[in-house]
Q: 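Dropping a structure here in structure tokens format, bear with me for questions.
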Amino acid sequence: MNNKKELKIVKVEITPEDKLKKALNKLKKECIRVMPTNAGFDKSQAIDTRFGGSAYSEKGDKVPVCEGCGKPLTFIFQYRDKYDKDLNPSGDLHSVYYCFDCTPIGRPEEEKGQWAVISHKNPDVSKFVEQKENISTILNPTSCSLSRVFVLPDYETVENNYSEIAEFCEEIDPDDPMSAYEEVGNAVGCLMEPSTTIGGYPIWIQGEGSQVCPNCKGEVKLAVQIDSEEAVNLMFGDAGCLYVFKCPKHKDGYVVEMQCF
């Protein structure tokens, strides 16, 4: 009598959705999402991550002036180099300024000085000096809440740089592969719409940009993406975003691009 049991081999089919989820889990990046919370500003918030009000400044600092129209640039947002696991900030503080009269979009032919990123090492509330010249009467000074989220490149970037992922999306939905990408991106826990974020990938509105370091013409990485924020009364064009990039080799190697709908 043969007591041996027959082993049945069950073949598990790996669907295009499964393949896409696996690929996106490898591709996604963690970043910090910034959400406007409470309106108002006082000196105790001088080195916080925040919108509007008075930018962090120290004795001897000068308000940056737009080289296009000669008016003071408007301080819009500031952020820090690093945030620990509890989102406590450290490192340099970077303040982003923009001219809403000239509305630069980051093209090489634009006159320089229509935007600026001013950095401070070792910022401290006790060293803060208010500069009333750069306080916009349009923007609402607003504090922020921070959270860690995951993001993915937008679909055009995927088509240009990750052909295998694009093929998975086309397998899922040949008529609308972008929707398949966004749906599965949401399923793996990623933020798929433009928002204010520190680090991660840029989520483009009008297609992939092509910014390079102004010093070495090398690759730059996204430092911060600043979205139009209704609570702040901040608007770039028609509900657009300002993308701020930084060269890893040059401390002054900032470059921006503004896109809107």
Side-chain angles (χ1 to χ4, degrees), residues 26-34 49 51 55-56 64 66-68 73-83 89-99 102-121 146 148-163 165 190-228 234 236-237 240-260:
K26 291 181 179 180
L27 184 62
K28 68 184 183 182
K29 284 184 181 180
E30 188 177 71
C31 67
I32 295 173
R33 186 177 187 182
V34 180
T49 304
F51 292 94
Y56 180 80
C66 176
E67 295 179 20
L73 294 175
T74 299
F75 163 65
I76 54 175
F77 182 71
Q78 65 183 36
Y79 63 100
R80 300 290 290 276
D81 265 346
K82 299 176 183 178
Y83 296 84
S90 62
D92 295 358
L93 184 149
H94 309 285
S95 302
V96 182
Y97 297 78
Y98 188 80
C99 180
C102 297
T103 59
I105 59 174
R107 295 292 180 260
E109 63 272 15
E110 289 176 346
E111 189 165 356
K112 306 301 181 185
Q114 297 180 4
W115 58 271
V117 180
I118 307 297
S119 301
H120 288 87
K121 288 185 176 295
L146 308 179
R148 292 194 178 277
V149 298
F150 288 98
V151 291
L152 289 162
D154 66 18
Y155 190 67
E156 182 179 337
T157 301
V158 166
E159 286 183 306
N160 293 337
N161 299 281
Y162 305 96
S163 58
I165 293 177
C190 291
L191 184 69
M192 301 301 289
E193 296 293 331
S195 61
T196 300
T197 50
I198 302 170
Y201 296 105
I203 300 179
W204 297 108
I205 295 173
Q206 292 185 348
E208 189 174 16
S210 57
Q211 298 291 0
V212 296
C213 173
N215 298 313
C216 66
K217 308 305 177 186
E219 182 181 0
V220 290
K221 294 184 178 181
L222 181 71
V224 62
Q225 173 177 299
I226 307 171
D227 196 13
S228 293
L234 173 61
F236 295 105
C241 277
L242 183 71
Y243 306 85
V244 182
F245 297 87
K246 173 75 166 59
C247 176
K249 298 178 181 178
H250 297 94
K251 65 179 182 179
D252 61 342
Y254 287 98
V255 62
V256 305
E257 182 158 341
M258 192 273 278
Q259 294 187 0
C260 60

Q: Do the side chain of E111 and the main chain of C102 share a donor and acceptor less than 3.5 angstrom apart?
A: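 Judged by distance alone, no pair lies under 3.5 Å.
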Q: If the test is side-chain contact (heavy atoms from CB on, under 4.5 Å), which one of L191, L222, L27 qualifies with V151?
A: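 Considering L191, L222, L27, a side-chain contact (heavy atoms from CB on, under 4.5 Å) with V151 is found only for L191.
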Q: Roughly how far apart are D92 CG and S119 OG, rounded to 0.5 Å?
A: 6.0 Å
Q: Output, in order, the C-alpha distance, side-chain angles, deciding distance and verdict of side chain to side chain contact (heavy atoms under 4.5 Å, CB included) for C241 and Q259.
A: CA-CA 6 Å; C241 277; Q259 294 187 0; 5.9 Å; no
Q: Heavy atoms only: give me the nearest W204-E257 pair and the separation to one decimal.
A: CZ3-CD, 4.0 Å
Q: If I compare all heavy atoms of L242 with all of M258, which pair ends up nearest, and what's the gap?
A: CD1-CB, 4.0 Å
Q: List in chain and number order the residues that pass salt bridge (Lys or Arg N to Asp or Glu O under 4.0 Å) with D252, two or more places apart in sequence or in another chain; answer none if no residue qualifies.
A: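 Once residues adjacent in sequence are excluded, D252 has no partner under the salt bridge (Lys or Arg N to Asp or Glu O under 4.0 Å) criterion.
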Q: Working to the nearest 0.5 angstrom, can you tell me the gap between K246 NZ and Q211 CD?
A: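 The NZ atom of K246 sits 15.0 Å away from the CD atom of Q211.
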Q: Is the closest side-chain heavy-atom distance between Y201 and C31 below 4.5 Å?
A: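 No; the side chains remain at least 4.5 Å from each other.
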Q: With the side chain counted from C-beta on, respond yes when R33 and R148 share a heavy-atom pair under 4.5 Å apart, and no when they do not.
A: no
Q: Compare all side-chain heavy atoms of D227 with those of F236 and state whether any distance is below 4.5 angstrom.
A: no
Q: Go through T157 and N160 one step at a time and tell me if the side-chain hydrogen bond (donor to acceptor under 3.5 Å, both in side chains) criterion holds.
A: CA-CA 5 Å; T157 301; N160 293 337; 5.9 Å; no
Q: What is the distance from atom CD of Q114 to atom CD1 of I105, rounded to the nearest 0.5 Å?
A: 10.0 Å
Q: Could you tell me whether a side-chain N or O of Q206 sits under 3.5 Å from a main-chain N or O of C260, the two making a donor and an acceptor?
A: yes
Q: Measure up the F77 and F51 rings against each other and bin them: parallel (under 30°), tilted (30 to 60°), perpendicular (over 60°).
A: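 F77 vs F51 ring planes: tilted.
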Q: If I take atom CD from residue Q78 and atom OG1 from residue T49, how far apart are they, to the nearest 0.5 angstrom?
A: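 Atom-to-atom, Q78:CD and T49:OG1 are 7.5 Å apart.
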Q: Determine, step by step, whether T196 and Y79 satisfy the side chain to side chain contact (heavy atoms under 4.5 Å, CB included) criterion, reporting the C-alpha distance in whole Å, the side-chain angles of both residues, the deciding distance to 0.1 Å, and the verdict.
A: CA-CA 11 Å; T196 300; Y79 63 100; over 6 Å; no
Q: Determine whether T197 and I203 satisfy the following criterion, side chain to side chain contact (heavy atoms under 4.5 Å, CB included), listing intermediate values before the conclusion.
A: CA-CA 10 Å; T197 50; I203 300 179; over 6 Å; no
Q: In Å, rounded to the nearest 0.5 Å, how long is the span from SG of C216 to NZ of K249?
A: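 The distance works out to 5.5 Å.
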Q: Determine the minimum heavy-atom distance between G207 and E156, stating which atoms define it.
A: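 Between these two residues, the closest heavy atoms are CA-OE1, 3.0 Å.
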Q: Quick one: closest heavy-atom pair of C66 and L73, and the distance?
A: CB-CD2, 3.6 Å
Q: If you apply the rule ring-ring contact (aromatic ring centres under 6.0 Å, His included), what do you find for W115 with Y254, and how did you get there?
A: CA-CA 10 Å; W115 58 271; Y254 287 98; 7.5 Å; no
Q: Which pair of heavy atoms, one from G253 and one from C213, lies closest together, and at what distance?
A: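 The answer is CA-SG, 4.2 Å.
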Q: Take Y243 and I205 through the test side chain to side chain contact (heavy atoms under 4.5 Å, CB included) and record every step on the way to the result.
A: CA-CA 11 Å; Y243 306 85; I205 295 173; 3.6 Å; yes
Q: For the CZ atom of F75 and the OH atom of Y97, what is their distance to the nearest 0.5 Å?
A: 7.0 Å
